[in-house]
Amino acid sequence: MNTKAPRSYATIIRQSFTSLLVAIGLIIVLTVTITLTVDQILRAQDQAQRLSASLETTQVSNFKEWLTVNQSSGLNSHNTFAMIKNSDGTITSLLPHAGKFTAANTWSVPFTHLVYIKHWGLYFSETIHTGSRTYFLFIGMKVLVGNLHVLVSVLIIAIGLSLLIGLFFVRRLARRLSDPTLQLARAAQQAAANPESTQTELPEPTEPVEISQLAKDFNQLLAAQNGRLQRERQFISDASHELRTPIATIRGNIKLIERRGDQHPEIIPESLGFIDQESLRMQHLIENLLHLSRADRAEVTLEPLDLGLLAQGVVEHYQPLVKQPITFVAPTSVAMVQGNQDMIHQILTALLDNAHKYSPTTAPIIVRVHVAPQTVTLTVADQGEGIAEADRAHIFDRFYRVDASRSNQIEGSGLGLAIVSQLARLNHGQVTVSGNDPQGSQFTLTLNRVVTDATEK
């Protein structure tokens with residue numbers, strides 16, 4: 001199966017322009033030809049009417065009388081002739097020159113009075129009945145044929161010159177239109193061939209506007225892809241770093257037991273304790289990575305639920321596990337939201353874990369649910385050390401720790417808040433952090449409110 005080869009801008013524009021110019025030329029030729037033909041036919045018809053008026057009052061029987069009738073009608077005798085059919089069936093020819101006229105040498109043009117006579121040319125024919133005679137008039141159309149010949153020749157030359165000049169300008173136009181696209185394509189090919197290149201933007205031509213907009217869209221897509229790639233690389237690097245530490249600790253303690261366990265058996269329980277602690281830390285890290293991976297690919301089913309009741313239940317179950325006092329401030333009305341119950345439960349638990357780890361044992365933790373006209377907010381406020389303004393923009397990044405020097409002192413992998421942020425997005429919500437008064441941090445989850453009959457009561 002043969003398929004057409006793809007065409008370039010220049011080829012498409014050149015072929016389209018050529019077809020357009022040829023079509024316009026044909027339309028002009030046909031229009032002028034038809035107009036000129038109709039005009040000449042009308043003129044011939046008028047001449048035939050004048051001859052008819054003269055023949056009705058005279059009885060032409062020879063060529064000399066025919067010349068007189070032509071002159072009285074103001075016609076060119078060399079451009080007209082007639083055939084007379086007498087009452088006895090004989091035919092008399094009134095010809096301006098010697099020649100033989102036969103019906104076999106004529107061809108009629110359908111739907112017109114035009115006939116073509118071999119070796120003589122094109123004529124307008126008219127039949128006139130006067131008494132016992134019938135006149136067959138033939139008025140020459142040499143003027144029409146000559147004019148059409150000149151006209152068609154001029155139009156062909158004009159169209160040919162226009163086509164040559166037009167193709168020159170079309171080539172320039174096609175190059176102006178295709179150059180920005182080709183530059184964009186070459187830049188994209190170079191970027192694809194060098195994935196490690198630092199080039200982050202493709203050239204953006206000022207015109208055509210469509211190509212400029214396409215380049216901007218490509219750059220936005222490229223920026224998003226580069227950002228995603230950078231985050232993935234950073235994630236892999238951070239995950240490798242976080243996993244390297246417990247693995248190194250485990251291997252170090254195993255080597256210590258192998259070298260000195262026989263001579264110093266007292267180090268074995270301590271080393272086993274370190275191995276257990278680091279393996280548990282690595283287990284938590286892997287579980288968090290799995291949670292994050294599942295959250296990235298999760299298909300969530302959202303349904304109406306009472307955020308106030310859900311938060312109250314989580315607080316009641318969490319309070320016995322920590323020393324800090326937890327206060328729950330219930331909303332003044334039903335806090336119905338559209339969300340996933342398990343994910344919101346996980347979000348609140350993670351925020352409570354974070355408040356617990358970074359707060360003194362005597363500092364209270366306040367959980368508040370507030371209902372607004374369009375949204376419902378869930379706030380977890382602690383009175384710990386707080387988060388600096390510069391760190392708040394990165395607190396939801398994966399593996400980000402506010403104080404790297406304390407990363408080994410405080411349990412965690414730096415993935416908890418990243419998981420919270422992803423779960424919030426899956427519930428069409430948003431989680432933010434701000435300072436608490438007089439000290440500490442305040443995390444706020446904002447979800448869309450669902451208005452039902454129950455919420456209005």
Side-chain angles (χ1 to χ4, degrees), residues 1-51 75-76 78-81 99 101-127 136-182 185 205 207-211 214:
M1 180 178 179
N2 295 328
T3 58
K4 294 177 63 177
R7 299 177 297 171
S8 64
Y9 268 162
T11 303
I12 294 174
I13 295 176
R14 184 169 59 252
Q15 292 178 353
S16 300
F17 175 80
T18 303
S19 301
L20 177 62
L21 190 58
V22 170
I24 292 175
L26 290 175
I27 292 173
I28 293 175
V29 170
L30 290 175
T31 302
V32 174
T33 300
I34 293 173
T35 302
L36 186 59
T37 302
V38 171
D39 178 70
Q40 292 298 316
I41 290 176
L42 292 176
R43 290 175 183 270
Q45 190 174 8
D46 180 65
Q47 293 175 2
Q49 290 175 355
R50 281 187 284 164
L51 282 173
L75 300 176
N76 183 2
H78 295 284
N79 198 37
T80 61
F81 70 92
F101 177 82
T102 61
N105 294 333
T106 64
W107 294 275
S108 299
V109 179
F111 309 108
T112 67
H113 289 268
L114 297 177
V115 295
Y116 177 77
I117 303 175
K118 188 176 181 181
H119 303 305
W120 290 7
L122 187 66
Y123 286 83
F124 178 87
S125 67
E126 185 72 40
T127 302
F136 300 97
L137 298 179
F138 295 90
I139 301 173
M141 306 294 288
K142 291 182 179 180
V143 176
L144 171 63
V145 175
N147 290 341
L148 288 178
H149 183 270
V150 174
L151 178 64
V152 171
S153 300
V154 171
L155 288 177
I156 290 176
I157 295 174
I159 293 173
L161 291 176
S162 301
L163 187 61
L164 291 177
I165 297 173
L167 288 177
F168 171 74
F169 285 100
V170 164
R171 187 181 295 275
R172 293 183 58 189
L173 174 64
R175 186 161 49 246
R176 288 181 58 188
L177 291 176
S178 61
D179 281 350
T181 307
L182 293 176
E207 57 181 17
V209 177
E210 294 83 0
I211 302 301
L214 180 63

Which atom names give the shortest non-hydrogen contact between [X] and [Y], and what distance separates them?
| X | Y | answer |
| --- | --- | --- |
| L122 | Y116 | N-CD1, 4.1 Å |
| V29 | T33 | O-OG1, 2.6 Å |
| T31 | T35 | O-OG1, 2.7 Å |

field: Qualifying salt bridge (Lys or Arg N to Asp or Glu O under 4.0 Å) pairs, either residue in residues 16-40, two or more places apart
entry: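 As it turns out, the salt bridge (Lys or Arg N to Asp or Glu O under 4.0 Å) pairs with a partner in residues 16-40, which skip direct neighbours, are D39-R43.
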- line: CG of L114 to CZ of F124, rounded to nearest 0.5 Å, is 7.0 Å
Interatomic spacing from CG in L155 to CG in L30 - rounded to 0.5 Å: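 L155 CG to L30 CG: 10.5 Å, rounded to 0.5 Å.
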All side chain to side chain contact (heavy atoms under 4.5 Å, CB included) counterparts of L26, not counting sequence neighbours: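 For L26, the residues satisfying side chain to side chain contact (heavy atoms under 4.5 Å, CB included) (neighbours in sequence not counted) are V22.
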message: Once side chain to side chain contact (heavy atoms under 4.5 Å, CB included) is applied, do any residues pair with L42, and if so which ones, sequence neighbours excluded?
response: V38, Q45
Side chain to side chain contact (heavy atoms under 4.5 Å, CB included) between W107 and V115, intermediate numbers included: CA-CA 5 Å; W107 294 275; V115 295; over 6 Å; no
